[in-house]
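To start, the structure itself, in C-alpha cells.
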Amino acid sequence: MKTKNIVIILTLFVFAFTAQAQENKVVKKETTVKKVVTKEGSKVVVKEIKEVDKETGAVIVADDENENQEFNEAIVKDTDKEVVTDQETIDAQNEALIAAEKKRQEEALKASIEAEKAKAEAEKKILEEQKQARLKALEENRKKLEKRGKGIAPLKKDN
C-alpha cells in the first residue's frame, strides 16, 4: 500500500509539472512623453504627447520533441498617441518687451521727424538769407549802374 501511495503521489507530481503549459509570450511596451513648446510672439503653447508603442505576441515552436528548434514570433504592433496637456498661455515678460520696443520705435520716429523739420527749417533760413543777399547785391549793382558820371544823361526807369 505504501508503494501504491508513493506511485500515485509521484504520478500526480509528474502530471502536475508536465501538465503546466509553457507559455512563451512576448510583451514589449515603450512609453515616450514628448513636451513641445511653441512660441508665437507672446503666445506660448505647451503640448505634452504620450506615445505608447506596444508589441505583443507569442513564440511559435514546431510541435515535435526535437531540441534547439527554430522558432517564429507572431508579433502584433500597436501605437497609441494621447495628448496629455494642451496649454496656451501669454508670456507677460515677452509682451512687456514687445511694448517697450514699440514705444522706443515710436519715440525714435518722433525724434527723427523733429530732426527733419529742424533741418528743413535751417535749410529754408539759409536759402532765404542767400536770396536776401542776392537781392541786396542786385540793388547795389543797379544803384552803381544808375549812377552816371557828369555829362551823361540819367537812365529812365521802366515801371
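Treat the numbers as computed from the prediction; the structure is a model and nothing was measured.
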Using a 4.5 Å cut-off on heavy atoms from C-beta on, say whether the side chain of Lys29 contacts that of Val52.
yes

What pairs with Thr85 under side-chain contact (heavy atoms from CB on, under 4.5 Å), at least two apart in sequence or on another chain?
Glu48

Apply side-chain hydrogen bond (donor to acceptor under 3.5 Å, both in side chains) to Asp53 and list each qualifying residue two or more places apart in sequence or on a separate chain.
Thr79

Clusters formed by hydrophobic residues whose side-chain heavy atoms approach within less than 4.5 Å: which one holds Val37, and what are its other members?
Val44, Val46

Is there any salt bridge (charged side-chain N to carboxylate O under 4.0 Å, His left out) pair reaching into residues 93-115, and which pairs are they, with sequence neighbours excluded?
Glu101-Arg104

Supply the members, apart from Leu127, of the Ile/Leu/Val/Met/Phe/Trp/Tyr cluster built from side-chain contacts under 4.5 Å; use none for a lone residue.
none

Go through the structure and list residues passing side-chain hydrogen bond (donor to acceptor under 3.5 Å, both in side chains) with Glu139, not counting sequence neighbours.
Arg142

Test item: Ile8 and Lys4 side chains (from C-beta on) under 4.5 Å apart, heavy atoms:
yes

For Gln87, the side-chain hydrogen bond (donor to acceptor under 3.5 Å, both in side chains) test, sequence neighbours excluded, returns none

Tell me, which pairs form a salt bridge (charged side-chain N to carboxylate O under 4.0 Å, His left out) where one or both residues lie in residues 118-127, sequence neighbours left out?
none

Partners of Ile126 by side-chain contact (heavy atoms from CB on, under 4.5 Å), sequence neighbours excluded?
Gln130

Once side-chain contact (heavy atoms from CB on, under 4.5 Å) is applied, do any residues pair with Lys81, and if so which ones, sequence neighbours excluded?
Glu51

Lys43: which residues meet the salt bridge (Lys or Arg N to Asp or Glu O under 4.0 Å) condition with it, sequence neighbours left out?
Glu40, Glu88

